Amino acid sequence: MNKAAEGAAPMVRARNVHKSFGLNEVLKGIDLDVASGEVVVVLGPSGSGKSTFLRCINHLESIRRGFIEVDGEQIGYALRGTRLNRLSDHAIAVQRRKIGMVFQQFNLYPHMTALENIVEAPIGVHGQPRREAEAYAMELLARVGLTEKANAYPRQLSGGQQQRVAIARALAIRPKLMLFDEPTSALDPELVGEVLNVMRDLAGQGLTMIVVTHEIGFAREAADRVVFMDGGVVVEQGPPEAVLGNPQHPRTRLFLSRFIEKI
Amino acid sequence: METDLAKASLRDVANAHQPAEWGRWLLWAFMLAVAAEFAWIVARNPNFGWPIVGQWFTEASIMRGLGVTLGLTVVAMALGTALGLALAVARMSQDRLFGTLSGLFIWFFRGTPLLVQLIFWYNLSTLFPEIVLKVPFGPVLATWNTNDLITPMTAAIAGLSLNEAAYMAEVIRGGLLSVDKGQVEATDAFGMTRARALRRVIIPQAMRSIVPPTGNQLISMIKATSLVSVIAMADLLYSAQNIYNRTFEVIPMLMVAVIWYLIITTVLNVVQGFIERYYARGERGTGNADHAPVRVEEPA
Ligand SMILES: Nc1ncnc2c1ncn2[C@@H]1O[C@H](COP(=O)(O)OP(=O)(O)OP(=O)(O)O)[C@@H](O)[C@H]1O
Ligand SMILES: [Mg+2]
């Protein structure tokens, strides 16, 4: 099931990625390839730079060294001959249009209904006709089990329902890559399952996904590969049964032991 | 157990009554009586000259003055808001140049009295007899005679709208700052352009905190327009003054102006209410009351 080994051009290629906030170096040389259709779960202690790395992939944060490529295109920069030029804001916006993102705090537009939230980018950014966008939005709402909530405003929905709408919104742009930043961390425990179920379905449908989460169970069932980050570097990675079942690095063992105690 | 159940049905809030609040009703009655008596005293006081107020209320020069006041307010407010939006966005942008220019503009126009600004615009020709469009240290592209450009009307519009822009910029910036950072991030992540993100996501949410202070600004503006009388514009107040300078009926003529100002302000308050309700949509609890209906008991 590990598609990284297939040899096709990877969907994401990150090389020697460094990122600092002031003097605080948060990413210290990340190398990571994600194959097309692969589901990668990123684990790691708080402050290890997981969110930062995810946000670098769609250039919500700029990096200081190294490079990131998505679908064969370098993010944020373009090579003209031997000269690497920074892209304009507009060109960066265009690059982001094939990357879907789901946030910990949902970030739905509160003044728009669920349906309006979903069709906003397809109509306004991708220029789809409204009717087509709405038909696809209803299809996506059905997929996340919220057909009857199409006209509800975000504040009238539970956290789990909001996050499922947010997933539908990210899917509406037909992304080649989906980024999830702790999508269940803001949810009450009984609502976590409904969101993970939706994500498990997506993983089964061949979507390329990078998921930052603390849900070890999800990693075990849905991930093709688990990446363990600590202190701004990738400490260990491999198939879930290897990393979770038989971690090699002491820091991975320490991190996982906390979860095993809890369960 | 039986009695518990019986009690349970009595405690069902669906059958709740609202006890009559006699104290509040008495207070209402008292306040209404005070207001009625005050109105009666004012109405019968001959010094207010109500017949004269009625006679001049819709007189031609008053109506022209009212038109000038309303026209100046609308034009200056529209220009001021548009420029204010641009200034607010510039001030919040990452761009140093635009941020600094916007900051300087706001600093200057908020820091000097409006009256002085109006006089300055009106007398611009004494400072700069000609206005020239040219490349810095380079060739001249076009030239205008300042006296042709500056009339009392254009001086009033320039003065009022540039001053208003400085204040509106801060009102709008406050509104933009009140929008959750995650919203900006979401629009960025979906590849929206800055302009579209502002128009579709950021400004609609900022409006909730922009509208109330803008209502304030608008009402101040209606009254600030009376300053234009110093540059010979005949607004509402100036027209009223013109009449009492001839007839010496100072109080009745001021009452004419005051009543018109209050009518405009009332209309604006109602409109503001509608706008606020529009931008409050999506708030929890709008449209569906989630508590049981309560029967209100009228005092007999
Ligand atoms: N905008 C920022 N400005 C300054 N420092 C930041 C910023 N964002 C993150 N950091 C710092 O970068 C480090 C890594 O943060 P990051 O959010 O990537 O961690 P994380 O692995 O996602 O942690 P968590 O599991 O708590 O979400 C932290 O030390 C954090 O304080
Ligand atoms: Mg994080």
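Each chain gets a letter, A, B and so on, in the order its sequence line appears, and its residues count up from 1. Predicted, not measured: the structure shown is a model, and the values here were computed from it.
Applying the 6.0 Å contact sphere to NZ of A:Lys176 captures no more than 12 heavy atoms from other residues, nucleotides or ligands. Other residues, nucleotides and ligands contribute at most 12 non-hydrogen atoms within 6.0 Å of the CH2 atom of B:Trp28. More than 12 heavy atoms of other residues, nucleotides or ligands shown are found within 6.0 angstrom of CZ on A:Phe21.
Contact tally against chain A (heavy-atom pairs below 4.5 Å) for B:Arg196, B:Gln205, B:Met192: the top residue is B:Arg196.
Looking at A:Leu179, there are no atoms closer than 4.5 Å to chain B (heavy atoms on both sides), in backbone or side chain. Interface residue A:Ala170: backbone and side-chain heavy atoms are both found under 4.5 Å from chain B. Looking at A:Phe103, the atoms closer than 4.5 Å to chain B (heavy atoms on both sides) all sit in the side chain, from C-beta outward. Contacts of A:Ile99 with chain B are made by backbone atoms alone, with heavy-atom separations under 4.5 Å and no side-chain atom involved. For chain B, the nearby parts of A:Glu120 are the backbone and the side chain; heavy atoms of each come within less than 4.5 Å. Contact annotation for A:Arg169: both backbone and side-chain heavy atoms come within less than 4.5 Å of a heavy atom of chain B.
Partners of B:Thr266 according to the side chain to side chain contact (heavy atoms under 4.5 Å, CB included) rule, which considers only residues two or more places apart in sequence or in another chain, do not exist here.
Note: B:Asp180 CG to A:Tyr109 OH = 12.0 Å, rounded to the nearest 0.5 Å. Note that the CD atom of A:Gln105 and the CD atom of B:Gln183 stand 11.5 Å from one another [nearest 0.5 Å]. In this structure, NE2 on A:His111 lies 11.5 Å from CE on B:Met207, to the nearest 0.5 angstrom.
The shortest non-hydrogen separation linking A:His90 to B:Thr193 is CD2-CG2, 3.8 Å. Heavy atoms only, all atoms of each residue included: A:Leu60 and B:Ala189 are closest at CD2-N, 4.1 Å.
Under the 4.5 Å side-chain criterion, counting only non-hydrogen atoms from C-beta, A:Met112 is in contact with B:Arg200.
Residues of residues 70-98 of chain B lying within less than 4.5 angstrom of chain A, judged on heavy atoms, are absent.
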